[in-house]
Amino acid sequence: MHAPRRGAGAGASSLRDCLFFVRTLRVGPTWRTVVAGAAMGATSPVQPEDLPWQITQIEPDVAPKIAHFAAWVPAPGGGEYFLEAQSGATLSMRTGDALSLSLVEAATPQTYYSVSIDETTLMPSVSPIVEVRGAAWFSTTFAPFEPTAGPGFEVEWRAPEEPGTHHVYVVLADNRSATTAWLRVEVAAR
C-alpha cells in the first residue's frame with residue numbers, strides 16, 4: 001500500500017471507510033413502515049391510503065399466552081375431579097394414574113395482514129392471515145403423553161411407576177414466537 005500523494009489524499013478514503021453492512025431492523029408491521037416511509041419522502045408503490053383501515057389496528061407481534069391449565073385429576077377414593085391450575089401449581093397423583101390436561105389460551109390467535117405488490121400494475125393487495133398455533137408437551141420423566149384433541153392443546157399424561165416430584169411442561173407457539181408454562185406433579189405410591 002502506498003501513501004497518498006499530497007493533493008490527491010484529500011478526496012481519497014481508506015478501504016475501511018468503504019465497507020458497509022446491512023442489518024435488519026424490526027420496525028413493526030408493514031403499514032407502519034409504509035406510513036413512516038411516506039412521511040419521510042420515500043418512494044413506494046404502496047400509498048398509505050391504499051391500505052385497508054384494518055391494517056392500522058394490528059400490533060406487530062402479539063406472542064401467545066397461556067392463561068392456565070384445565071385438568072381432570074384422579075380423586076381420592078375413585079373417580080376424578082376438574083380443576084384449573086396456574087403455571088407453577090402442584091398437582092397430587094398416585095403412581096400409574098392418568099391426568100387429562102389442556103392449556104387455556106389467554107387470547108385467540110392473532111390476525112395480521114400480508115401486503116404484496118402486483119409487479120405489472122403496482123397495485124397492492126392485502127390478505128388477512130390468522131396465526132397457526134400448536135403445543136408440545138414434555139416432562140422430567142419418561143411417562144408418556146397421549147394427544148387427545150386439537151394441535152396438542154389437550155393431552156393425557158400417565159404418572160410414572162416411581163413416586164417422586166415430576167414436572168410437566170408445555171410450549172405454545174405460533175408462526176413467530178412461543179411461550180411456556182409448567183406444573184409440578186407429586187406422585188405418591190399406591
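Residues Trp157 and Ser139 meet the side-chain proximity criterion, which asks for heavy atoms closer than 4.5 Å. Within the 4.5 Å cutoff, side-chain heavy atoms of Ser100 are placed close to those of Glu156.
The closest donor-acceptor contact from the side chain of Arg158 to the backbone of Pro144 lies at 3.5 Å or more, if one exists at all.
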Indicate every side-chain donor-acceptor pair of residues 65-77 with a distance under 3.5 Å to a residue at least two apart or in another chain.
none

Which atom pairs, donor and acceptor, lie under 3.5 Å between side-chain atoms of residues 177-190 and protein residues at least two apart or in another chain?
residue, atom, partner, partner atom, Å
Ser177, OG, Asp174, OD1, 3.4
Arg184, NH1, Thr90, OG1, 3.0
Glu186, OE1, Thr165, OG1, 2.8
Glu186, OE2, Thr165, OG1, 3.1
Arg190, NE, Thr95, O, 2.9
Arg190, NH2, Thr95, O, 3.4
Arg190, NH2, Asp97, OD1, 2.3

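A salt bridge links Arg176 with Glu131: at least one charged nitrogen is closer than 4.0 Å to a carboxylate oxygen.
Hydrophobic clustering, with ILVMFWY side chains joined whenever heavy atoms are under 4.5 angstrom apart, groups Tyr81 together with Met93. Phe138 and Leu99 fall into different hydrophobic clusters, defined by Ile, Leu, Val, Met, Phe, Trp and Tyr side-chain heavy atoms under 4.5 Å apart, directly or through other members.
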Report task. Give the intermediate values and the outcome of side-chain contact (heavy atoms from CB on, under 4.5 Å) for residues Glu162 and Thr141. Result -> CA-CA 10 Å; Glu162 63 275 354; Thr141 183; 3.4 Å; yes
Query raised in the report: Given Ile129 and Thr111, is the side-chain contact (heavy atoms from CB on, under 4.5 Å) satisfied, shown in steps?
Result: CA-CA 6 Å; Ile129 299 170; Thr111 299; over 6 Å; no
Query raised in the report: Which is it for Trp137 and Glu146 under the side-chain contact (heavy atoms from CB on, under 4.5 Å) test, yes or no, and what are the steps along the way?
Result: CA-CA 10 Å; Trp137 297 80; Glu146 186 71 37; over 6 Å; no
Requested in this report: Quick one: do Phe153 and Val170 satisfy side-chain contact (heavy atoms from CB on, under 4.5 Å)? Show the steps, please.
Outcome: CA-CA 9 Å; Phe153 292 81; Val170 65; over 6 Å; no
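Take Glu154 and apply the salt bridge (Lys or Arg N to Asp or Glu O under 4.0 Å) test, not counting sequence neighbours, and it matches no residue.
For CZ of Phe142, the number of neighbouring non-hydrogen atoms (other residues, nucleotides, ligands) closer than 6.0 Å is 12 at most.
In this structure, Pro147 and Val155 approach most closely via the heavy-atom pair CA-CG1, 4.1 Å.
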